[in-house]
2 protein chains.
Amino acid sequence: MSKLREPARSPVEACCTPLVGQELSVEQSELMAAMFKALGDPVRLRLFSKIASHPDGEACVCDISDVGVSQPTVSHHLKRLREAGLLTSERRGTWVYYRVTPSALGAMSGMLSADA
Amino acid sequence: MSKLREPARSPVEACCTPLVGQELSVEQSELMAAMFKALGDPVRLRLFSKIASHPDGEACVCDISDVGVSQPTVSHHLKRLREAGLLTSERRGTWVYYRVTPSALGAMSGMLSADA
DNA sequence: TGCTTGATTCGACGTTCATCGATGTGCCCT
DNA sequence: AGGGCACATCGATGAACGTCGAATCAAGCA
């Protein structure tokens, strides 16, 4: 119905359907693939994990930069995670704090859960 | 303890830790990133979805090949999904049947669930 | 033995990506 | 104003990736 007329801008809106329930549409697959792709790099996954497991749910770049690559590369990966909708960033004074987008996590795990 | 001495060959064994619980080790991140990477392509995600949502939990290649790319490309993507441990394949007569590795799905969704 | 259909492998081509050093920007402190 | 720190952007480079047509393999059938 009207669902077809709203293109579902955010990956989060795009998926609440469990993978095993019914096959994905082309649009859904493109949005979700972008999120999976963002986590499909060891360095990015570690950065994401460091942020997600941080006490206050947020971490400054300096807290998580120790992943074995140069600082520009860390910044590059954080940007990709941000562009995929998995992270948000906020500058407070000298430091920039990153935080996991909660609904994004839910969308991915919801899709992978076998509840159908 | 002894956990450190067994390298956790399979991605499934490697991860049962929720992402938000504690940060991933280097080995864990590499194994899990390979699985996410495998789903990080729209065509592969649709193939995976088609198999996962198939009635008997398995599908022959001919049932899922209609994803808009050539047949060698389909085969290539199925191979990548197999190598990531997400699918298993079995030849029965003329056709080859693919099936989702159940524990792989569980590992990924378990990692993304926020239960900590 | 040949022929047909289903599926994988091979070789090539253009694109995307991860990585780095150098440079730029924003903020704080003296 | 000036210097120093945290982080982002730029430009380049080599590797990995997605895609295809052609060739190959595997199984069934005449």
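In what follows, chains carry the letters A, B, and so on, assigned in the order in which the sequence lines appear, proteins first and then strands, with residues in each chain numbered from 1. Computed from a predicted model, the values in this text were never measured in an experiment.
- Cluster note: B:Val26 groups with no other residue, as no ILVMFWY side-chain heavy atom lies under 4.5 Å from it.
- Once rounded to the nearest 0.5 Å, the distance linking CG of B:Leu47 with CG of B:Asp41 reads 8.5 Å.
- B:His76 comes within contact range of at least one nucleobase, with a heavy-atom separation under 4.0 Å.
- Each of A:Pro72 and A:Gly93 has a nearest nucleotide on DNA chain C; the 5'-most of these lies closest to A:Pro72.
- We find that CZ of A:Arg82 is positioned 13 Å from P of D:dC7, with the value rounded to whole Å.
- Although no hydrogens or angles enter the test, the distance criterion places no donor-acceptor pair under 3.5 Å between the side chain of B:Asp56 and the main chain of B:Glu58.
- With the nearest nucleotide of DNA chain D identified for both A:Lys79 and A:Trp95, A:Trp95 has the one nearer the 5' end.
- Base contact: B:Ser75 has a heavy atom under 4.0 Å from a base atom.
- For A:Gln71 and D:dA6, a side-chain-to-base donor-acceptor distance below 3.5 Å is absent, hydrogens and geometry of angles not being considered.
- Protein chain B contacts DNA chain C over a range whose 5' and 3' limits, counting nucleotides with an atom under 4.0 angstrom from a non-hydrogen atom, are C:dG6 to C:dT9.
- For the pair A:Leu81 CG and D:dC7 C1', the computed distance is 16 Å after rounding to whole Å.
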Apply side-chain contact (heavy atoms from CB on, under 4.5 Å) to the pair A:Val67 and A:His77, showing each step before the final yes or no. CA-CA 11 Å; A:Val67 285; A:His77 283 309; over 6 Å; no
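- Residue contacts for A:Thr73: at a heavy-atom cut-off of 4.0 Å it reaches a base atom on one of the strands shown.
- Distance from the side chain of A:Cys62 is smallest for D:dC7 among the nucleotides D:dC7, D:dG18, D:dA27.
- Rounded to an integer number of Å, the gap from CG of A:Asp41 to C1' of D:dA15 is 13 Å.
- Nearest-nucleotide mapping onto DNA chain C: of B:Cys60 and A:Val69, the residue sitting toward the 5' end is B:Cys60.
- When A:Arg82, A:Lys50, A:Glu90 are each tested for a side-chain hydrogen bond (donor to acceptor under 3.5 Å, both in side chains) with A:Tyr98, only one passes: A:Arg82.
- Cation-pi geometry between B:Arg92 and B:Tyr97 is met: under 6.0 angstrom from the ring centre, within 45 degrees of the axis.
- In this structure, A:Arg91 does not reach the D:dA8 phosphate: none of its side-chain N or O atoms is under 4.0 Å from OP1 or OP2.
- Within 4.0 Å of B:Arg92, counting heavy atoms only, lies no atom of the nucleic acid at all.
- One atom, CD of B:Glu83, and another, P of D:dA16, lie 14 Å apart when rounded to the nearest Å.
- Contact annotation for A:Tyr98: backbone-only contact, meaning every heavy-atom pair under 4.0 Å involves sugar-phosphate atoms and none involves a base.
- A close approach under 4.0 Å does occur between a side-chain nitrogen or oxygen of B:Lys37 and OP1 or OP2 of D:dC17.
- Atom-to-atom, CG of B:Leu78 to C1' of D:dG18 comes out at 14 Å; the value is rounded to the nearest Å.
- A donor-acceptor pair under 3.5 Å is formed between the side chain of A:Gln28 and the backbone N or O of A:Ser25.
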